[in-house]
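Since we're looking at a predicted model, the values are computed, not measured.
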There are 2 protein chains.
Amino acid sequence: MWSRCARSTTITNKKNQEKKVNFSSSVPFPGEPSEPCMKTPVPGPNTKKLLSELSKLQQAGSTQIFVNYDKSIGNYIVDADDNVYLDAFTQISSIPLGYNHPDLLKLFEDEHNLKSLINRPALGVFPGDDWPSKLCNIVSLVAPKGLDHINTMMCGACANENAYKHAFMAYRRKMRGNDNFSVEEQTSCGLNSPPGSPRLAIMSFLHAFHGRTMGTLSTTRSKYIQKIDIPAFDWPAAPFPAYKYPLEENEACNKEEDSKCLAVVEDLMEKWTKKDIPVAGVIVEPVQSEGGDNHASADFFKQLQNICKKNNAAFILDEVQTGGGPTGKFWCHEYFDLETPPDIVTFSKKLQLGGYFFTEDMKPQQPYRTFNTWMGDPSKVIMLESILNIIKRDDLLQLVRDTGDYMKCQLGELEKEFCPLVHSTRGRGTFLAITAQTPEIRDDIINRLRTKGVISGGSHPQTLRLRTSLTFTKKHADIFLDKLREVLKEIKK
Amino acid sequence: MWSRCARSTTITNKKNQEKKVNFSSSVPFPGEPSEPCMKTPVPGPNTKKLLSELSKLQQAGSTQIFVNYDKSIGNYIVDADDNVYLDAFTQISSIPLGYNHPDLLKLFEDEHNLKSLINRPALGVFPGDDWPSKLCNIVSLVAPKGLDHINTMMCGACANENAYKHAFMAYRRKMRGNDNFSVEEQTSCGLNSPPGSPRLAIMSFLHAFHGRTMGTLSTTRSKYIQKIDIPAFDWPAAPFPAYKYPLEENEACNKEEDSKCLAVVEDLMEKWTKKDIPVAGVIVEPVQSEGGDNHASADFFKQLQNICKKNNAAFILDEVQTGGGPTGKFWCHEYFDLETPPDIVTFSKKLQLGGYFFTEDMKPQQPYRTFNTWMGDPSKVIMLESILNIIKRDDLLQLVRDTGDYMKCQLGELEKEFCPLVHSTRGRGTFLAITAQTPEIRDDIINRLRTKGVISGGSHPQTLRLRTSLTFTKKHADIFLDKLREVLKEIKK
């Protein structure tokens with residue numbers, strides 16, 4: 001069935017088989033189902049009942065299924081009606097190793113780890129005596145090159161909020177030449193007024209998603225339902241490149257697209273300076289993930305960083321969704337070969353808690369400028385440490401690249417077979433996407449896949465996106481691809 | 001030594017002894033030290049070494065001590081130099097039951113709980129099948145009267161950020177008469193412009209603390225170091241009553257203070273309406289906790305709520321620090337006998353995760369308006385459920401009231417004995433504070449207490465605050481009071 005990719009499949013297969021030996025010895029999921037198994041329509045009767053209960057307590061309209069996490073295993077989740085799904089969306093890309101990984105299940109048998117979980121400190125004041133070595137270990141395992149400072153937070157939004165604050169502080173320090181705050185600054189900030197609360201902006205991109213607290217929401221530009229009725233800062237958003245696919249056939253026009261977008265970035269920098277709201281930082285996702293899996297070239301990011309440097313604006317990479325390996329490198333921006341490190345790289349999701357790595361330049365000079373009660377959570381860092389060691393031990397980034405290459409090739413074949421129903425296969429590693437002909441067809445695909453026992457995700461406006469765990473193998477990929485093929489056939493009829 | 005409080009002490013003692021039987025049978029801390037024990041100066045050599053390691057990775061100037069959480073127990077923490085402290089600050093009021101409570105240590109032996117910890121869902125889309133019943137249980141145990149809706153978040157700042165969003169949405173719905181968003185609203189919010197991103201404000205109070213993300217930071221007004229260099233929304237802040245103590249001797253002038261502050265609230269409402277930035281919500285702490293332990297009367301809060309009603313502004317109570325029992329009631333605002341429920345009550349800290357209870361009116365009508373990847377954390381809710389059951393089982397709110405009454409009385413005696421070094425003893429339950437003559441004397445008291453093995457807290461500008469666990473007994477109180485007395489004697493010399 002997947003003949004066109006046979007050659008690369010064979011190669012990949014060979015690699016995978018070698019790896020599988022490693023993989024199954026070191027990451028076993030005993031009892032992982034061999035395929036989806038649907039017992040009721042979706043939503044089933046138990047799910048409906050639970051939804052009605054939850055709806056009494058909160059707006060629950062976004063709930064898709066209720067999951068039995070005790071029964072879920074590996075890349076499969078089991079719902080409240082005992083339906084078994086292959087999960088290619090993994091909690092909006094937040095489950096790195098699959099469900100109930102045996103190594104993680106053992107973590108809190110350790111008394112020290114358990115006590116770290118139960119006695120949650122205010123990390124900024126009373127950290128555990130192992131906290132410096134834990135952070136040091138995280139930094140040495142995965143800090144992006146050149147970013148050897150780290151702050152942990154609770155979630156991605158707080159990571160970005162604080163990244164913006166670092167950018168503002170660094171910008172003001174540069175402008176003032178020092179951190180000798182004037183009395184006027186000290187008093188005016190209590191009134192939310194300049195100069196203490198300065199007029200400064202963070203630039204982002206149209207279709208970006210960076211969070212939904214009020215600072216990050218001012219940089220998020222993906223869907224109106226996320227922003228409507230909420231006040232926002234007067235901050236600029238530039239267009240993000242909208243590429244034509246396949247890339248190799250559209251090089252010239254995509255390059256032109258880069259230039260057009262970057263010209264607007266420069267233009268907006270100037271405009272906002274003239275408005276007296278200079279841009280102190282630019283935040284960008286290596287792949288716009290909620291906004292439709294929009295990619296841009298390494299050259300685009302390099303030039304963007306140069307514009308930031310020219311304007312004294314911090315260059316902030318939001319790797320909340322791309323970080324942690326799904327693109328086949330731990331950080332997606334490793335693909336860009338930036339000439340110098342970005343100023344800040346933010347993370348969350350697969351890394352279990354929010355946070356950011358930053359350069360010496362971005363470090364606040366005074367205590368209590370970046371601070372809150374918890375400043376992260378040691379129990380999540382214990383999980384993160386273990387996850388990072390497993391990724392390394394089981395060579396999961398290689399597995400992601402192999403599975404991803406195979407799936408991307410197959411999606412390309414599907415694209416040809418079902419043109420124009422789906423097109424623009426793109427992505428790196430298993431961080432893959434394909435665009436449907438219309439938003440309605442995309443929704444139809446996702447719903448039909450779910451009915452057949454496959455969980456996938458959509459992103460704005462008509463993208464089908466894959467967000468698998470890092471333990472998703474060719475075997476899982478084949479099931480996904482078979483089901484997708486079935487669905488596309490049904491829709492084509 | 002504490003003769004003046006002898007009568008009430010005896011009464012309290014009797015009560016406590018009855019309770020102690022319950023307490024020690026149900027909440028044993030075997031091995032809890034009987035008193036502080038200091039082996040090195042503070043900071044000790046190991047602490048210094050760890051601080052130097054941590055400082056390489058982040059701005060660590062706020063770090064006080066490194067704690068060995070394995071050895072810490074009950075109301076005592078042990079630092080990296082084996083110094084044993086009585087903890088009357090409990091991680092900025094975030095440890096409800098003391099360290100290593102035996103019931104909490106057992107929680108994750110349960111396989112279901114463990115799997116809830118390991119497999120962290122995107123609760124807004126794929127909650128566990130026990131999620132509705134868990135939330136329902138929390139609501140039935142502790143929801144403030146009239147607020148039977150709940151959203152969970154990760155921290156207090158995110159709780160408040162989202163509370164503001166609910167207030168904005170409700171305000172706009174009221175003004176528009178419905179939620180039929182116009183095309184202009186839908187498109188303009190993508191540009192951060194009105195009418196989609198409306199000009200609306202949240203009013204707060206001078207000296208308030210509500211968080212440090214950019215929305216909440218715009219309502220925080222406690223210290224300049226928290227706000228300087230960070231852009232803020234143009235939102236109003238009213239003065240919070242500054243009472244004279246003892247209350248019983250200053251009724252008239254404190255009442256006048258209430259009126260003056262409330263008049264400014266009304267005035268600001270009008271001013272901001274004229275500015276075309278109407279106030280959609282007012283957020284207030286039942287006790288301004290970071291801002292100096294500033295209290296206001298029940299009447300103040302009742303009148304404030306009435307002003308909110310008159311202006312269609314949501315009345316939001318920030319119980320992040322007061323919630324969870326430290327004032328002797330689960331929610332501090334229970335003391336206010338409000339005529340109708342507040343619109344939103346936010347929580348975090350002792351409740352292990354952030355979140356808020358809200359009325360039907362405050363419920364968003366559409367899905368995905370309040371949403372993020374995690375929307376809380378089931379493992380924290382498992383801990384919360386257990387903590388709530390223990391508070392009930394061990395009648396800990398009564399213990400808090402008893403210990404608190406005793407301590408408040410004794411602090412009053414110290415105030416008389418050491419006048420004018422300390423004054424204005426105030427608070428409810430063990431949520432107590434006393435004001436030092438100067439900020440320098442306050443800092444001196446805290447540092448000397450720490451040297452003697454007692455952790456206490458300061459708040460702006462010269463307040464010494466107590467934030468004990470709910471298992472803090474008269475025995476612990478006496479140690480605290482003895483050490484405080486020693487310190488005040490030393491300073492008085």
Side-chain angles (χ1 to χ4, degrees), chain A residues 50 53-54 57-59 61-62 64 66-70 80 91-92 99 104 108 112 115 118-119 121-122 124-126 128-129 132 135 149-151 154-155 161 165 168-169 172 181 186 189-190 192 196-197 200 212-215 221 224-225 227-232 363-364 367-368 372-373, chain B residues 50 53-54 57-59 61-62 64 66-70 80 91-92 99 104 108 112 115 118-119 121-122 124-126 128-129 132 135 149-151 154-155 161 165 168-169 172 181 186 189-190 192 196-197 200 212-215 221 224-225 227-232 363-364 367-368 372-373:
Chain A
L50 288 167
E53 283 171 33
L54 187 60
L57 300 169
Q58 57 183 221
Q59 167 53 257
S62 56
Q64 288 187 19
F66 291 87
V67 178
N68 183 321
Y69 286 102
D70 293 353
Q91 313 295 327
I92 322 179
Y99 298 97
L104 298 189
F108 294 94
H112 173 70
K115 288 184 168 175
I118 298 301
N119 304 299
V125 197
F126 309 102
D129 53 11
L135 287 189
H149 289 75
I150 184 171
N151 269 346
M154 291 308 304
C155 65
E161 285 276 343
K165 288 169 65 176
F168 292 132
M169 292 180 223
R172 288 288 299 151
F181 311 123
Q186 291 179 37
C189 74
N192 290 10
S197 304
L200 292 174
R212 302 179 59 157
T213 48
M214 293 187 70
R221 313 275 182 153
Y224 83 83
I225 199 69
K227 290 175 70 83
I228 203 157
D229 292 346
I230 315 298
K363 185 178 168 182
Y368 289 108
N372 56 49
T373 298
Chain B
L50 288 167
E53 282 172 33
L54 188 60
L57 300 169
Q58 56 184 222
Q59 167 53 256
S62 56
Q64 287 187 19
F66 291 87
V67 178
N68 183 323
Y69 287 102
D70 294 352
Q91 313 295 327
I92 323 180
Y99 298 97
L104 297 188
F108 294 95
H112 172 70
K115 288 184 168 175
I118 298 302
N119 304 298
V125 198
F126 309 102
D129 52 11
L135 287 189
H149 289 75
I150 185 172
N151 269 346
M154 291 310 302
C155 64
E161 285 276 343
K165 289 170 65 176
F168 293 132
M169 291 180 222
R172 288 290 298 151
F181 312 123
Q186 291 179 37
C189 74
N192 291 10
S197 304
L200 292 175
R212 302 179 57 155
T213 48
M214 292 188 70
R221 312 274 181 155
Y224 84 83
I225 198 71
K227 290 176 72 81
I228 204 158
D229 291 346
I230 315 299
K363 185 178 167 182
Y368 289 108
N372 56 50
T373 297

Side-chain ([X]) to main-chain ([Y]) donor-acceptor, under 3.5 angstrom:
X      : Y      : result
B:Q64  : A:F126 : no
B:Q91  : A:A122 : yes
B:K115 : A:Y69  : no

Any idea which heavy atoms bring [X] and [Y] closest together, and the distance?
X      : Y      : result
A:P132 : B:E53  : CB-OE1, 3.9 Å
B:G128 : A:F66  : O-CD2, 3.6 Å
A:Q58  : B:H149 : N-CD2, 4.0 Å
B:S62  : A:G124 : OG-O, 2.6 Å
A:L104 : B:I118 : O-CD1, 3.2 Å
B:L50  : A:D129 : CD2-O, 3.5 Å

Just so I understand: if I count every heavy-atom pair under 4.5 Å between each of [options] and chain B, which residue has the most?
options                       : result
A:M154, A:Q186, A:R172        : A:Q186
A:R221, A:M214, A:M169, A:Q59 : A:Q59
A:N68, A:L200, A:D229         : A:D229
A:F181, A:F108, A:Y99         : A:F181

Report which part of [X] has an atom under 4.5 Å of a heavy atom belonging to chain A: side chain, backbone, both, or neither.
X      : answer
B:E161 : side chain
B:R212 : both
B:K227 : both

What option among B:I230, B:I150, B:I92, B:L54 has the most heavy-atom pairs under 4.5 Å with chain A?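 Going by pairs under 4.5 Å, I would pick B:I230.
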
Between B:G61, B:A80, B:G215, B:A232, who has the most heavy-atom pairs with chain A when the cutoff is under 4.5 Å?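 Of the options given, most contacts go to B:A232.
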
Out of curiosity, B:Y368 OH to A:I225 CD1, how far, rounded to the nearest 0.5 Å?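 Interatomic distance, B:Y368 OH to A:I225 CD1, rounded to 0.5 Å: 11.0 Å.
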
With rounding to the nearest 0.5 Å, note down the distance linking NZ in B:K165 to OG1 in A:T213.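 The OG1 atom of A:T213 is 7.5 Å from NZ of B:K165, to the nearest 0.5 Å.
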
